[in-house]
Amino acid sequence: MLSDEHKDELFEWVRAKLGPSLRVVLIANRIDSKDHERLEQLQPGDVGGACPQVKVGLIQTRLSRQRTCEVMESRGNSEKWREAVCDWLVGSRLIFGEESISLRLCDTLEGALHKPDPGSTLVGLLLHRVPTISRSTASEFVSAYLQHVGLRCQGLAPASGLVGTCFRVAMLDRKKDEMCSFVEFLERTPRAQEALPAVRLLAWCVYMMNAHNRWDINLAVAWAKRREFVDQVNFPFELGEESAGSQSSVGPTFSWAGDPSSLRDLVDAVKRGHSVDWSDVHRKVWAVEHIKDSELFAQLLSSCRNPGMILQQVLPGNLCSLLRLSNTPAPKAVQLARIILQHAPHSCDGAVDKPRCLAWWTILLHDRQELEVLDLLRLAGGPAPLLETLLWARDWATDRRSTSSPQARTRLLQQALVLICMQDQVPLTLPQLTLLWTGNFGRLLHAGVAAQEEAWGKKLVDAPSASKSAELFAQGELPNVLPLERFRRILQGVADVQEDWPLEIQALWRIGHCRSTAREVSALWGAAPHLLQSRWCDEDARSAGQSRGWPIHEYFLNGIVTSSGALARSLQRALLAGGCPIPEEVPPTAFVSACADALNEMRNAGQLGGVRVAGVGAEAVMRLIREEMSA
């Protein structure tokens, strides 16, 4: 394995030479964050990078059964043993991981299978490929394999234990060879590392059996005959003693005995497959001394099979300091943020230091990849964590300057706020709703134009009535403004006008809270009449509109008619002829007085029959109009 220094030298040489006359292919069985960074620096167009004609790419693949068959056929391996060789490779991959197999094994396995008693040869071969497992494990694997292919297994113990059961379970996928190996299963279920090795093996067996809908393998027997395991990275080390009668909550483990204060030594240990007691590292080092080298820490996390185990042992305040751009370059902070969101525990005590929240915020501001609101929802882990993150960011996110397309990221944040306000999986209280659009987020609140309100109407009509999930709203184009009905709820719930709000929203708040003037109301009516109207009224009210086509919304009605001064004549006509629903709290005298000029015009033109009002106050208003006009 090349050291970091030698890798840097190699990539420097490649960077200088790469061009039309030189192509380089690097083949490796693992990659870490530092390797990704080196590849990024080779991308065309970068300063000092490769020439623009050169494509730099990363291809990650694995050895499949189909590819193995093709290679054996092309090499002329005996057809008699091809299936048996493929079964070994599939079983070994699924139980011990990708590093236990290679195409070089095909000829070796075929030669071993030709022998009258291949057992000892196969045990030695497996121990050579996977030196971290015990002879008991290798013997039981080989015994189960030889029984499977119908060959003698003289001198080997019967494959009735947990390893033999794992092999039989692995053979459920022998043809397709597409399921997660035990190693991959642990990577994708970080909490599984907290269970004992035997429990983890059984959990993987259940995953495999469920995927193939096969339940004819008796796991209870394997559990009863299990042996003692010593925990370590990947497959545990199996001892000879049975552990069926011992407790299943604790067990022994191997532990690396190096210097836990050296991040570089920890990285090297993890890359070489050593088992590290991370709680011990926390106790001795990380609990008293913060990690400061973000680059080495990212390399440690990307090299580890289970980054979640490491992240659980780092103080939340330390993780947050590593994410801040004052300590870490933006690309490295984004890389750390993605690892934290994927592997860090969701629960975190304290109000300020919340690594997952800061990680989400870091990606929003600084990740140069193209992002959609659906990406942000999934990165957060669902609507509930997204709500927690947004409420945290409103109060505690100190970094508010984006290094990646500021306008686009502002719109994306608005979409995330809109999404969490519209979904119904995690219902928001009115105080939560108002918090999201005030304070530091106040400037993000905008009132939609008429076209956006129409788009919302279509989106809400197309959405199934049973559920309006966050995933559903995130599909397709999501407006970055709330529909006016939800928008008015925010105006209703905020006690004081926000200085960061746009002027038109401040005016709407004053109208809704009866603190506006007729001049301000008339100006807003002339500039954006739809903001004062109700678009979602019944058909009768909609058809009654004459001046502007839609009735004035009842929430604003009291503030409009009680405002000081004379309203615009067109607004007065809209109040009279638009079918406004008049709530009980609107004084009839104030309504008629506010519309006096338009009433006189309509009387003189013989148009009083066109007056249309609705709601509980309509009768009183109509009676007062008749009295006024007859006088």
Side-chain angles (χ1 to χ4, degrees), residues 1-10 28-38 96-100 127-134 137 181-197 200 229-239 251-315 318-319 322 332 335-336 339-340 342-344:
M1 184 169 63
L2 287 177
S3 66
D4 279 342
E5 292 76 14
H6 288 155
K7 282 186 181 180
D8 288 337
E9 290 179 15
L10 173 62
N29 59 1
R30 62 175 64 89
I31 187 168
D32 62 27
S33 62
K34 187 67 176 175
D35 298 325
H36 280 288
E37 188 178 316
R38 294 182 181 105
F96 304 116
E98 305 285 345
E99 296 178 8
S100 68
L127 288 172
H128 176 73
R129 293 297 306 182
V130 194
T132 56
I133 63 174
S134 70
T137 296
S181 68
F182 174 68
V183 174
E184 293 167 323
F185 177 76
L186 294 183
E187 290 175 358
R188 300 186 186 193
T189 54
R191 295 294 300 274
Q193 295 282 3
E194 299 172 13
L196 286 181
R200 297 202 295 262
F229 283 101
V230 180
D231 202 3
Q232 62 177 349
V233 174
N234 298 338
F235 199 90
F237 190 88
E238 187 181 24
L239 301 177
T253 180
F254 288 123
S255 181
W256 175 69
D259 178 12
S261 64
S262 169
L263 269 182
R264 195 172 295 281
D265 287 354
L266 285 171
V267 171
D268 186 64
V270 166
K271 283 184 176 181
R272 295 179 184 277
H274 291 291
S275 299
V276 180
D277 185 349
W278 299 111
S279 59
D280 189 52
V281 175
H282 168 81
R283 248 185 340 267
K284 292 179 178 177
V285 183
W286 294 344
V288 293
E289 183 180 346
H290 275 198
I291 300 166
K292 297 182 178 66
D293 193 327
S294 56
E295 183 174 323
L296 270 178
F297 185 61
Q299 199 171 348
L300 174 65
L301 292 174
S302 63
S303 303
C304 181
R305 295 281 188 187
N306 185 8
M309 295 288 286
I310 299 176
L311 293 171
Q312 287 178 20
Q313 302 302 330
V314 182
L315 296 174
N318 193 176
L319 288 177
L322 289 168
K332 189 61 63 181
Q335 182 190 3
L336 274 174
I339 296 174
I340 287 171
Q342 185 177 355
H343 297 287

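One is the number of the first residue; the rest follow in order along the sequence.
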Please report the closest heavy-atom contact between [X] and [Y], naming both atoms and the distance.
| X | Y | value |
| --- | --- | --- |
| Leu315 | Ala287 | CD1-O, 4.1 Å |
| Glu238 | Ser134 | O-OG, 2.7 Å |
| Arg200 | Ala192 | CD-O, 2.9 Å |
| Ala344 | Leu311 | N-CD1, 3.7 Å |

Just to verify, what does [X] make a salt bridge (charged side-chain N to carboxylate O under 4.0 Å, His left out) with, not counting sequence neighbours?
| X | value |
| --- | --- |
| Asp8 | Arg38 |
| Glu99 | Arg30, Arg305 |
| Lys292 | none |

With heavy-atom distances below 4.5 Å as the criterion, would you say the side chains of [X] and [Y] are in contact?
| X | Y | result |
| --- | --- | --- |
| Leu266 | Trp278 | yes |
| Asn234 | Thr132 | no |
| Leu322 | Lys332 | no |
| Asp35 | Lys7 | yes |
| Ile291 | Trp286 | yes |
| Arg264 | Leu296 | yes |
| Asn306 | Leu186 | no |
| Val130 | Phe235 | no |

Sequence-distant partners of Arg283, side chain to side chain donor-acceptor pair (under 3.5 Å), two or more places apart: Asp280
Ser294: partners by side chain to side chain donor-acceptor pair (under 3.5 Å), with sequence neighbours left out: Thr328
Would the distance check show the side chain of [X] and the main-chain N or O of [Y] forming a donor-acceptor pair, the cut-off being under 3.5 Å?
| X | Y | value |
| --- | --- | --- |
| Ser302 | Gln299 | yes |
| Ser262 | Asp265 | yes |
| His274 | Ala269 | no |
| Ser181 | Gly97 | no |

Spacing of [atom1] belonging to [X] relative to [atom2] belonging to [Y], to within rounding of 0.5 Å:
| X | Y | atom1 | atom2 | value |
| --- | --- | --- | --- | --- |
| His282 | Ile310 | NE2 | CD1 | 14.0 Å |
| Leu301 | Ile339 | CG | CD1 | 5.0 Å |
| Ile133 | Gln232 | CD1 | CD | 9.5 Å |
| Asp277 | Trp256 | CG | CH2 | 11.5 Å |
| Gln335 | Ile340 | CD | CD1 | 10.5 Å |
| Ser261 | Glu289 | OG | CD | 7.0 Å |

Any residue meeting ring pair (Phe, Tyr, Trp, His ring centres under 6.0 Å) with Phe297, in chain and number order, not counting sequence neighbours: none
